[in-house]
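Working notes, structure below.
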Amino acid sequence: MMGLLGKGLILTGQIFAVTLLGALPLGVLIALGRMSRFKPLAWLMRLYISFMRGTPLMLQLMALMFGPYYLFGISLSSSWKYFACDIGFILNYAAYFAEIYRGGIQSIPRGQYEAAEVLGYSKSQTFMTIVLPQVIKRIIPAMGNEIITLVKDTSLAFVLGIMEMFTTAKAIAASQVSMLPYAVAAAIYWGFTLFAEALIGRVEKKLSYYHD
């Protein structure tokens with residue numbers, strides 16, 4: 001049982017890691033687009049965020065999985081489910097991260113931008129060296145909540161037939177007619193979240209040198 005759950009945990013970890021690697025930078029771009037003075041882009045990003053946060057992730061995953069066939073008649077290989085899973089998670093979480101970024105960026109006083117301009121900083125230099133470090137510190141708690149949620153949301157990959165840890169536990173429980181696999185999986189998820197919390201806490205502590 002532990003060997004099978006271990007394999008499921010590897011897939012769970014892969015979904016988690018790929019989502020963060022894709023959604024964290026994409027969220028920045030969406031947030032900047034959302035705050036753009038170019039109204040069509042700002043409204044498009046607002047619509048995107050509203051849709052991704054207003055519809056279930058499970059539904060989005062299924063749409064990506066089966067949409068190419070039902071909409072365009074395109075038959076994809078069995079490996080497509082892994083790409084659909086990664087794309088779905090990245091697009092969904094990028095919307096949540098974007099709103100967190102936006103809140104952090106807009107919390108920086110306007111006077112800091114004006115002072116940087118007086119000192120000769122370009123807009124990109126101002127953002128990267130003055131604004132971004134403060135934003136990162138301010139959004140760590142909110143980002144931590146979303147990252148913890150992501151650990152648990154990886155179980156939604158079961159709708160695509162991906163044998164991550166929850167799906168594996170479900171299959172073992174059905175074959176053994178036992179609740180033990182679920183209990184073990186719950187303990188592993190809990191351990192995963194505790195590890196993530198410890199990392200987030202470490203990052204927050206390292207950034208504690210900066211005081212608002």
Side-chain angles (χ1 to χ4, degrees), residues 6-35 45 48-49 51-53 55-65 67-68 76-105 124 127-128 131-168 188-207:
K7 291 180 180 178
L9 178 60
I10 291 174
L11 273 177
T12 293
Q14 288 176 348
I15 295 169
F16 176 82
V18 169
T19 301
L20 288 185
L21 288 173
L24 287 173
L26 180 58
V28 174
L29 296 178
I30 295 171
L32 294 176
R34 171 72 173 78
M35 296 183 294
M45 292 300 100
Y48 171 83
I49 292 170
F51 179 81
M52 299 308 291
R53 298 202 305 170
T55 57
L57 174 55
M58 185 183 296
L59 181 61
Q60 295 167 20
L61 292 173
M62 294 178 69
L64 284 166
M65 177 68 181
L76 299 170
S77 65
S78 58
S79 63
W80 168 246
K81 63 184 178 182
Y82 297 103
F83 292 104
C85 179
D86 291 340
I87 293 169
F89 271 92
I90 289 172
L91 293 179
N92 180 272
Y93 268 82
Y96 285 92
F97 290 154
E99 285 298 270
I100 295 173
Y101 288 137
R102 184 173 69 89
I105 293 170
S124 60
F127 182 78
M128 294 301 296
V131 176
L132 188 59
Q134 298 179 68
V135 169
I136 291 174
K137 180 185 181 297
R138 295 185 183 198
I139 67 175
I140 285 294
M143 292 294 286
N145 289 337
E146 287 301 324
I147 290 171
I148 296 302
T149 300
L150 172 59
V151 174
K152 296 174 288 184
D153 276 355
T154 56
S155 62
L156 294 176
F158 84 92
V159 298
L160 304 184
I162 294 175
M163 294 299 290
E164 42 66 56
M165 191 166 59
F166 172 76
T167 308
T168 302
I188 295 173
Y189 275 118
W190 188 20
F192 199 156
T193 58
L194 288 175
F195 178 70
E197 286 175 1
L199 287 179
I200 294 165
R202 190 176 182 85
V203 172
E204 193 169 2
K205 187 175 181 180
K206 281 186 175 294
L207 294 174

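We use all heavy atoms of the structure for the numbers below, so side chains are in, but hydrogens, waters and symmetry mates are not.
Note that the OG1 atom of Thr193 and the CD1 atom of Ile200 stand 10.0 Å from one another [nearest 0.5 Å]. Rounded to the nearest 0.5 Å, atoms CG (Leu160) and CZ (Phe83) are 13.5 Å apart. A distance of 13.0 Å separates CZ of Arg102 from CD1 of Ile139, quoted to the nearest 0.5 Å. In this structure, CZ on Phe97 lies 11.0 Å from CD1 on Ile30, to the nearest 0.5 angstrom. Interatomic distance, Leu61 CG to Asp86 CG, rounded to the nearest 0.5 Å: 10.0 Å. In this structure, the separation between CD1 on Ile105 and CD1 on Ile100 is 12.0 Å, given to the nearest 0.5 Å.
A 4.5 Å side-chain heavy-atom check between Phe166 and Leu156 finds every atom pair outside the cut-off.
Thr168 places a side-chain N or O within 3.5 Å of a backbone atom of Met163 that can act as its donor or acceptor partner. With hydrogens and angles disregarded, no donor-acceptor distance shorter than 3.5 Å links the side chain of Tyr96 to the backbone of Gly27. Looking only at distances, a side-chain donor or acceptor of Thr167 sits under 3.5 Å from a matching main-chain atom of Ile162. Side chain of Tyr101 to main chain of Leu32: no donor-acceptor pair is present (N/O by atom type, distance under 3.5 Å, no hydrogens or angles).
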Task: Working for side-chain contact (heavy atoms from CB on, under 4.5 Å), residues Thr154 and Tyr189 - done: CA-CA 10 Å; Thr154 56; Tyr189 275 118; 4.1 Å; yes
TODO: Starting from the C-alpha separation in whole Å, work towards a yes-or-no answer on side-chain contact (heavy atoms from CB on, under 4.5 Å) for Ser155 and Met165.
DONE: CA-CA 7 Å; Ser155 62; Met165 191 166 59; over 6 Å; no
Open item on the list: If you apply the rule side-chain contact (heavy atoms from CB on, under 4.5 Å), what do you find for Leu91 with Gln60, and how did you get there?
Closed with: CA-CA 9 Å; Leu91 293 179; Gln60 295 167 20; 5.8 Å; no
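Of all heavy-atom pairs between Ala94 and Ala23, the closest is N-CB, 3.7 Å. Residue Cys85 comes nearest to Ile15 through the heavy atom pair SG-CD1, 3.9 Å, listed as atom of the first residue, atom of the second, then distance. Across all non-hydrogen atoms, the minimal contact from Ala84 to Leu64 is O-CD1, 3.7 Å. Heavy-atom minimum distance, Met65 versus Trp80: O-NE1, 3.5 Å. Met45 and Gly33 make their closest contact through CG-C, 3.7 Å (heavy atoms, listed as atom of the first residue, atom of the second, distance).
Qualifying side chain to side chain contact (heavy atoms under 4.5 Å, CB included) partners for Ile10, counting only residues two or more places apart in sequence or in other chains: Gln14.
Side-chain contact annotation: Glu146 with Thr149, donor-acceptor N/O pair under 3.5 Å absent.
Around atom CE of Met35, more than 12 heavy atoms belonging to other residues, nucleotides or ligands sit under 6.0 Å away.
Classification of the Tyr93-Phe89 ring pair by plane angle, with boundaries at 30° and 60°, yields parallel.
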